[in-house]
Structure formats: C-alpha cells, structure tokens
Amino acid sequence: MFRKTRLYTPGPTPLLPAAQFAMAAADMHHRTPEFRALYSKVLAQLKVFVGTQNDVLLFSSSGTGAMEASVSNLTSPGDKVLVLTAGKFGERWVALAKAFGCEVDVVTAPYGETFDLAQVRAALKPEHKALFVQATETSTTVRHDIKAIAELIYEVSPKTLLVVDGITGLGTTHFDVDAWGIDILIGGSQKAVMIPPGLAYLSVSDKAWAAMETSKNPRYYFDLRKERKNAVKGESAYTPAVALVAGLGAALDYIAGQAGGDLEKGRIALIDNAQLNAAATRAGLTTLGFKLFAPTAPGAAATAVAVPEGMDSGTVVKTLKSKFALVTANGQGEMQGKIFRVAHLGFFDYLDTVALLGAMEHIAKDTLGLPVVFGSAVAAAQKVYAEAAVK
Ligand SMILES: *Cc1c(COP(=O)(O)O)cnc(C)c1O
C-alpha cells in the first residue's frame, strides 16, 4: 500500500504549500527596502490576526522565546507573580518566572481540567505584578477561560498584567484582546499559521510598555523595547528568519483568501474550522468507545484521547504511523502512555478529520480489539458537520 505522510501533531502542524513556495523564493537581504516592505506588511497582518490595536512584534525563536521575553521584560527580581498551571506548558511559566527571580504563587488544576475561578479569585492579590496562563494547555488540550480571568483581574487587581500563552490558542479561540485587557498574547509559527517552527510573535499593550519603564530583569536578545524601535522602521534588531517571515506573509494571505481577502473574517473562519474539526473528532472517537481526556473544557487546538485501562497510548501512536503514516502525539511527562493527541489547528479541513477517524476505526478494531462498526466514527463526524450547516 502507498501511504502519504500526514501530520496531526499540535505543533509542528502541516505546512501550507503557498507558504513553502514563498519561503523557497525568499532570497533577500534583511536591510533592504524589499524586506522592510515585507516585514511591515507581515507585522500589520499579524495585528489583524491577533485582533488588536496593540503593537505586535516578532522574534526568530520558538514560542518559548516570547514566553521568556514576557517574563524578563515585565518583571524584576523579587516580584510576586501568579501562575495558573494545569499542564506541561503552565509548568513552563512557573520555571521561567523562577529563573528570573520572581516569587511565584501558583493555582493548579489537575491535568485534563481547567481552573476553579473562585480559587483564582482567592489567590489573586494586588501585589501580583503579572498573571501568567495558557489560553489552551496543549499537553492536556484543555481550554482556559481567558475572558473570565481577565474580568477577575479587572475586579480584584487591575494593576496586574495579564500575560497569555496563546501559542495554540491563537487560530483556535476567539479573543477580544483590547476589550478584555490582555497585556501580552503570544503565538508561534509552527501552530495555527501553517509554517515551520522558528518564529514567535506577541502583542504588547500600553500597560505592558509602561511596566517596562521600571522592570529590572536582564534581557538582551529578547528586548521588547529595542525590537519595537526597529519594527517601526520595518526591521528587526538582529538578522530575522527572512524565509519564515515570507512564509508567514503568504500564510496570512491564504487565511484572508479563505474569506474573500478579509483577514479578520479569515481568522474567524480558521477558528470556526478548528472548532468544527475538534467537535467532529470528539464525536467520532467517543463513538468508538474512547474517553476524552479533557471532557469539561475541551479546546479546539487539539484533542487528547485516553486509551482504555491497561492499554498503552504509544501503541496507537506507533500503529497509526506504521499503518497509515499518520503522525499523532503521545502524552507528555506523566501523561505519556495514557493519552494520544490529534491536532485541529492550522491547515486542517473537515476531510482530514474524516481520514483520521477512518484510520482510527481500523486501529480500534485490529490493534485494540474494540468492538467497531466500520463507518460509525465517520458517521458521527458527518452528523456534526451536517448539523453545523457548513456553507
Ligand atoms: C507549542 C507550545 C509552546 C511553545 O513551545 P516551543 O517549543 O517553544 O515553540 C508553548 N505553549 C504552548 C501552549 C504550546 O502549545
């Protein structure tokens, strides 16, 4: 049998061909009018994609670089901060804030769940310089309620900065960045924007810029104020990942093109697309008897699925790869062996979901020995699609 490799991992995600062509053709120097025009265009598009009037900046780094930039630029050693953590990426906030000498208070939720807002309210204090959280916790596939958390900050501690890792939240979740008061919102290139790893982007509010006037933690490469000065001129402080910037521009053009050239509408369509595919995947896999790992607050970036007791999720991941060249992700850390994760963010469509569910019917029957009626998972997804009345 021929097998086509298909990525269903929540980063890196499948590449957009138009972006690949743009990257291959990006043979230019970064201190030229051509690149300045490209860079300015992409930064302006990113503001629309993020959905904000705030500045949006780009770094040549993986997403964690922008997470580090948020901590190092906003805080001083000894600052109290609050981290909300419910998985591996929340734990990264804790480690980062500690690495920069912050005193870290933590609200946790068990893996697979989101936060108890009453607990967040009780923990949040006016002395917290910043609150760090994920929009979607990719390790468990939970979505956190950023709007509710923003409202809590507004009520309880309006000076606290709200820093959101939206690395898989962007393109899968609707945010109103400026109305809610998200001070920093972070994205990464290998997630919803359909290009390879290597770029991080983030929006920065006036409140965050003001905090940088007095924050004392060391920073050099990830200096937001230096980057902003250069961005105004259409440049980055250091050599940018030129090809990735060209690819990002092509990808944002494509997203706009899905909605008649309107990037804001394209962003909404991209989010709705991920949400539909997530809902169809949940319907299909639960029909086969799998349990969702995050049933109460499922995100649309990816779906984490628990395998039946006594089975190893690695077997599903390995067999999907060997039989169908279909690449999924195992659980991270303590969740390894217990769950597998399939992505919906970026360059996926409904038919990709049908393909995945078709493959899962074979795996569930032949590899896991579950009682499977062929077509049942696909039919459940088709029902979701039909009921969504997709035009
Ligand atoms: C992918 C991801 C990151 C970034 O990881 P990098 O490997 O640094 O790009 C951070 N947070 C979340 C929620 C993610 O999904």
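One is the number of the first residue; the rest follow in order along the sequence. When a ligand or atom number is given, it counts from 1 through the structure's own listing order. Nothing here was measured: the structure is a model prediction, and the numbers come from that model.
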> Atoms of ligand 1 less than 4.0 Å from Gly63 heavy atoms?
Replying inline: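 Once the distances to Gly63 are compared, the set is 6 (P), 8 (O), 9 (O).
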>> So if I count the atoms of ligand 1 from 1 in the order they appear, which ones are less than 4.0 Å from some heavy atom of Thr168?
In response: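 Checking each atom against Thr168, I get 15 (O).
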Is [X] in polar range of ligand 1, meaning some N or O pair under 3.5 Å apart?
{"X": "Thr136", "answer": "no"}
{"X": "Gln134", "answer": "no"}
{"X": "Phe89", "answer": "no"}
{"X": "Lys191", "answer": "yes"}

Shortest protein contact, [atom] (heavy atom only):
{"atom": "atom 4 (C) of ligand 1", "result": "Ile167 CD1, 3.7 Å"}
{"atom": "atom 15 (O) of ligand 1", "result": "Thr138 OG1, 2.5 Å"}
{"atom": "atom 9 (O) of ligand 1", "result": "Gln190 NE2, 2.8 Å"}
{"atom": "atom 7 (O) of ligand 1", "result": "Ser62 OG, 3.9 Å"}
{"atom": "atom 5 (O) of ligand 1", "result": "Arg92 NH1, 3.4 Å"}

>> Parallel, tilted or perpendicular: which one describes the rings of Tyr8 and Phe348, with boundaries at 30° and 60°?
In response: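 It falls in the tilted class, 30° to 60°.
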>> Parallel, tilted or perpendicular: which one describes the rings of Phe374 and His362, with boundaries at 30° and 60°?
In response: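 Rings of Phe374 and His362: tilted, 30 to 60°.
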>> For the residue pair Lys47 and Tyr201, would you count it as a cation-pi contact if the rule is NZ or CZ under 6.0 angstrom from the ring centre and within 45 degrees of the ring axis?
In response: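 No, Lys47 does not lie over the aromatic ring of Tyr201.
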> Is the NZ or CZ atom of Arg228 both under 6.0 Å from the centre of the six-membered ring of Trp209 and within 45° of that ring's axis?
Replying inline: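 Verdict for Trp209: a cation-pi partner in Arg228.
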Ring centers of [X], [Y] separated by less than 6.0 Å:
{"X": "Phe35", "Y": "His29", "result": "no"}
{"X": "Tyr238", "Y": "Tyr221", "result": "yes"}
{"X": "Tyr111", "Y": "Phe293", "result": "no"}

> With a 4.0 Å heavy-atom cut-off (strictly under), which part of Asp165 contacts ligand 1: side chain, backbone, both or neither?
Replying inline: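 It is the side chain that touches ligand 1; the backbone stays farther off.
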> At their closest point, which heavy atom of Asn73 faces which heavy atom of Ser215, and how far apart are they?
Replying inline: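 Answer, listing the atom of Asn73 first, then Ser215: O-OG, 2.5 Å.
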